[in-house]
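Note sheet for the following structure.
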Amino acid sequence: MRVIAGSAKGRPLRAAGAATRPITDRVKENLFNILGARIVAANVLDLFAGAGSVGIEALSRGARAATFVEVDRAALNAIHTNLHATRLAERARVVRRDVFKFLRDAAEPYDVIYVAPPQYRGCGQRHSSSSIKARG
């Protein structure tokens with residue numbers, strides 16, 4: 001796992017451990033090819049962030065800010081380690097909170113929201129009303 005492009009291109013990222021399933025570099029590259037220039041100056045929300053690979057990639061490619069929401073301690077440690085290793089921590093906010101509770105209380109608008117819930121926890125079956133706002 002590594003940063004594919006931008007200011008932190010080529011930097012390796014620490015995995016979050018057994019509690020997460022990281023996005024592959026190939027899938028991440030395809031995702032950002034689709035997003036293209038929309039990521040520049042965007043406010044990004046990375047839910048179920050794992051090691052933070054997607055939000056970090058966004059920051060490396062010019063996102064204005066990224067918020068990482070995660071509850072797993074090992075994953076949170078990996079996010080912090082990866083943000084410091086890539087020198088992107090200044091534009092990042094790491095939140096240790098249940099994603100559904102975060103969404104219920106969120107007031108900040110986001111330009112790009114990435115969601116990759118852990119399938120084994122039945123997250124797809126949960127229903128939650130959310131006040132989250134997406135721009136555009």
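What's counted below: heavy atoms across the whole structure, side chains too, no hydrogens, waters or symmetry copies.
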Which pairs pass salt bridge (Lys or Arg N to Asp or Glu O under 4.0 Å) with one or both residues in residues 7-16, sequence neighbours excluded? none
Does V27 belong to the same Ile/Leu/Val/Met/Phe/Trp/Tyr cluster as V112, with side-chain heavy atoms less than 4.5 Å apart forming each link? yes
Check whether any side-chain heavy atom of I79 lies under 4.5 Å from a side-chain heavy atom of E70, and answer yes or no. yes
Any non-hydrogen side-chain atom of S7 less than 4.5 Å from a side-chain atom of L88? yes
Tell me whether V54 is reachable from L45 by hopping between hydrophobic residues (I, L, V, M, F, W, Y) whose side-chain heavy atoms are closer than 4.5 Å. no
With side chains defined as the heavy atoms from C-beta onward, is the minimum distance between F32 and I4 less than 4.5 Å? no
Filter on salt bridge (Lys or Arg N to Asp or Glu O under 4.0 Å), then keep only pairs touching residues 53-62, sequence neighbours left out; what's left? K28-E57, E57-R61
Is the shortest side-chain heavy-atom distance between V115 and I113 below 4.5 Å? yes
Which atom of A51 lies closest to which atom of N82, heavy atoms considered: O-ND2, 3.1 Å
Starting at CZ of R91, measure out to OG of S60 and round the result to the nearest 0.5 Å. 8.0 Å
Considering only heavy atoms from C-beta outward, does the side chain of F68 approach that of I56 to under 4.5 Å? yes
Is any side-chain heavy atom of L103 closer than 4.5 Å to a side-chain heavy atom of L47? yes
Is the side chain of N43 donor-acceptor paired with the backbone N or O of P109 at a distance under 3.5 Å, no angle test? yes
In chain order, what residues pass the salt bridge (charged side-chain N to carboxylate O under 4.0 Å, His left out) check against R73, with sequence neighbours excluded? none
Does this structure show an ion pair linking R2 with D25, if we count only N-O contacts that are shorter than 4.0 Å? yes
With a 4.5 Å heavy-atom cut-off, do V44 and D111 have their side chains touching? no
Indicate the ring-plane relationship of F102 and Y110, choosing parallel, tilted or perpendicular according to the 30° and 60° boundaries. tilted
Can you tell me how far the CD1 atom of I23 sits from the CD atom of E29, to the nearest 0.5 Å? 11.0 Å
Kindly work out whether a path of hydrophobic side-chain contacts (I/L/V/M/F/W/Y, heavy atoms less than 4.5 Å apart) joins M1 to L59. yes
Nearest heavy-atom approach of L83 to T86 is O-OG1, 3.2 Å
Quick one: closest heavy-atom pair of A15 and A78, and the distance? O-CB, 3.7 Å
Can you check side chain to side chain contact (heavy atoms under 4.5 Å, CB included) on D46 and V69, steps first, answer last? CA-CA 6 Å; D46 189 349; V69 182; over 6 Å; no
Can you check whether T67 reaches V95 side chain to side chain, under 4.5 Å on heavy atoms? yes
salt_bridge(D105, R97) N-O dist < 4.0 Å: yes
